[in-house]
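Atoms within a ligand are numbered from 1 in the order they appear, just like the ligands themselves. Position 1 is the first residue of the sequence, and the numbers go up from there.
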Amino acid sequence: MTHTTEPSDKALVPFVSVDHMMKLVHRIGLAPMLRGLAENIEADFRRWELFDKTPRVASHSAEGVIELMPTSDGEVYGFKYVNGHPKNMKEGLQTVTAFGLLADVGNGYPVLLSEMTLLTALRTAATSAMVAKHLAPMGARTMAMIGNGAQSEFQSLAMKAICGIDSVRLWDIDPQATAKCAANLAGHGLRVTACASAEEAIEGAQILTTCTADKQCATILSDNMVGPGVHINAIGGDCPGKTELAPGILSRAGVFVEYPDQTRIEGEIQQMPKDFPVTEIWEVITGRTPGRKRAEQITLFDSVGFAIEDFSALRFVRDRVAGTDLYHPLDLLADPDDPRDLFGMVQRAAPVA
Ligand code: NAD
């Protein structure tokens, strides 16, 4: 409480660094962590209606986008800062980086600050697999993984941990990305096949994941490539003017989204009329609406990433780092002894001559 020159424990906010997050993954184990995140996300989707929801606040530039993603369940508030800069990769930088915060709604004080670059990859993969569990065809064992960048191993291993896929077929326009992904996936219990085209990658696959980064309306999958009965997990179309699927696929599929107000701006459905019918995935999870209606139906998860997934992931981290050495206590709050004497606190911190 006392904040003269040394912060006390009470005023310190746990900060989970990238190093801590990596240690957390190893301590829990990647598969159990992905399953734990998916459980938290699914639990929060079940109480969807009580959350504050808004499309994320996006600041667009010619190079990319910087976004803030806030939400609250009435007791805890959370937000994520995240960027998306497809051109970064060519400059040796990441396309996506992020950090996030949880705060106590009761007094507004932050209770956790965390890196979220790794956590975003983990929560995106956990969300994809949790949704695929509800929508993918029965007995799906093979996934095509198109786009073999930073998200790809997480996507593949979450589908294994949560949906039981045992085979992944890789394709990327950059053979080095595919070689990296294949090498990283070795020893994780997946049969990995590097393919020479998107067409080859989707051969025999029941789940088609598109996870490419390009600031344009691309056609990663064309209409004639997609046969009946598959589940498409479309990850990379997540910004105005940045999509991956031919509109004809959307017309033939049952389209499932996180939060329509955001997805209509950012997702694959930005290509469709404003009243294009979609199903909110929380309604499937709670049993209000059927998911897959027929074996031959194409189901499509038009993922853009929603704030509640980050909130659920931060809750997971908060609970799992409590009582461990996996955070730094951060001097983020002023918290003077007398809350009105902020100035006096500064004055008392003057260096002694
Ligand atoms: P990354 O830049 O690390 O990897 C993207 C890969 O796509 C690269 O290897 C690139 O060579 C490949 N690629 C580009 N065009 C291609 C094409 N036409 N065919 C095949 N491969 C192609 O990016 P990342 O961090 O893996 O993210 C991938 C995408 O996922 C980005 O667009 C990002 O914005 C998006 N994303 C979405 C969510 C979500 O919640 N939906 C979360 C995180 C990232």
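Taking any N or O of Lys242, backbone or side chain, at least one lies under 3.5 Å from an N or O belonging to ligand 1. Not one N or O of Ala177 is nearer than 3.5 Å to an N or O of ligand 1, by distance alone. Considering backbone and side-chain atoms together, Thr212 places an N or O closer than 3.5 Å to an N or O of ligand 1. Taking any N or O of Ala150, backbone or side chain, at least one lies under 3.5 Å from an N or O belonging to ligand 1. Checking only distances, Glu309 never comes within under 3.5 Å of ligand 1, N or O to N or O. Of the polar atoms of Asp174, none of the N or O atoms is found under 3.5 Å from an N or O of ligand 1, judged by distance alone. Considering backbone and side-chain atoms alike, Asp172 places an N or O below 3.5 Å from some N or O of ligand 1. Between Asp238 and ligand 1, an N or O atom pair is found at a separation short of 3.5 Å.
Counting heavy atoms from C-beta outward, Arg292 and Met138 have side chains that stay 4.5 Å or more apart. Within the 4.5 Å cutoff, no side-chain heavy atoms of Cys195 are placed close to those of Glu203. Between Arg56 and Phe306 there is no side-chain heavy-atom pair separated by less than 4.5 Å.
A donor-acceptor pair shorter than 3.5 Å cannot be found between the side chains of Thr243 and Gln270. Residues Glu266 and Gln262 have side chains that bring a donor and an acceptor to within less than 3.5 angstrom of each other. In the model, Thr263 has no side-chain atom that pairs as donor or acceptor with a side-chain atom of Asp302 under 3.5 Å. Between the side chains of Asn83 and Thr97, at least one donor-acceptor pair of N or O atoms lies under 3.5 Å.
The existence of a salt bridge linking Arg46 and Glu42 is confirmed by a sub-4.0 Å separation between a basic side-chain nitrogen and an acidic carboxylate oxygen.
Going from atom CG of Asn40 over to atom CE of Met130 covers 10.5 Å, rounded to the nearest 0.5 Å. Taking CZ from Phe316 and CG from Asp44, the interatomic distance works out to 13.0 Å, rounded to the nearest 0.5 Å.
Comparing Lys180, Gln151, Glu258, Glu153 against atom 27 (O) of ligand 1, the shortest heavy-atom distance belongs to Gln151.
Short contacts between ligand 1 and Gly149, defined as distances under 4.0 Å to a heavy atom of the residue, involve ligand atoms 3 (O), 4 (O), 6 (C), 9 (O), 26 (O). Shown in contact with Val304 at under 4.0 Å from a heavy atom are these atoms of ligand 1, numbered in order with element: 39 (C), 40 (O), 41 (N). Counting atoms of ligand 1 from 1 in the listed order, those under 4.0 Å from a heavy atom of Ile220 are 17 (C), 18 (N), 19 (N). Within ligand 1, the atoms closer than 4.0 Å to a non-hydrogen atom of Arg123 are 40 (O), numbered from 1 in the order shown. Here is the list of ligand 1 atoms found below 4.0 Å of a heavy atom in Gly305: 39 (C), 40 (O), 41 (N).
Here the heavy atom of the protein found nearest to atom 15 (N) of ligand 1 is Ile173 CD1, 3.4 Å. In this structure, atom 28 (C) of ligand 1 lies nearest to the protein heavy atom Cys211 O, 3.4 Å. Protein heavy atom nearest atom 42 (C) of ligand 1, with residue, atom name and distance: Thr124 OG1, 3.3 Å. Annotation: atom 2 (O) of ligand 1 to nearest protein heavy atom, Thr95 OG1, 2.7 Å. Counting protein heavy atoms only, atom 41 (N) of ligand 1 is closest to Ser303 OG, 2.9 Å.
Proximity of Met145 to ligand 1, defined as any heavy-atom pair under 4.0 Å, is not found for any part of the residue.
Using bins of under 30°, 30° to 60° and over 60° for the plane-to-plane angle, the ring pair Phe51/Phe311 lands in the perpendicular bin.
Distances from ligand 1 to the non-hydrogen atoms of Ile235 include at least one value under 4.0 Å.
Within the structure, ring pair (Phe, Tyr, Trp, His ring centres under 6.0 Å) contacts touching residues 173-225 (residues at least two apart or in different chains) do not occur.
Val255 belongs to a hydrophobic cluster with Ile146, Trp171, Ile173, Ile202, Leu208, Ile220, Leu221, Met225, Val226, Val230, Ile232, Leu245, Ile249, Leu250, Val257, Ile269, Met272, Phe276, Val278, Ile298, Leu300, counting contacts under 4.5 Å between side-chain heavy atoms of Ile, Leu, Val, Met, Phe, Trp and Tyr, direct or through other members.
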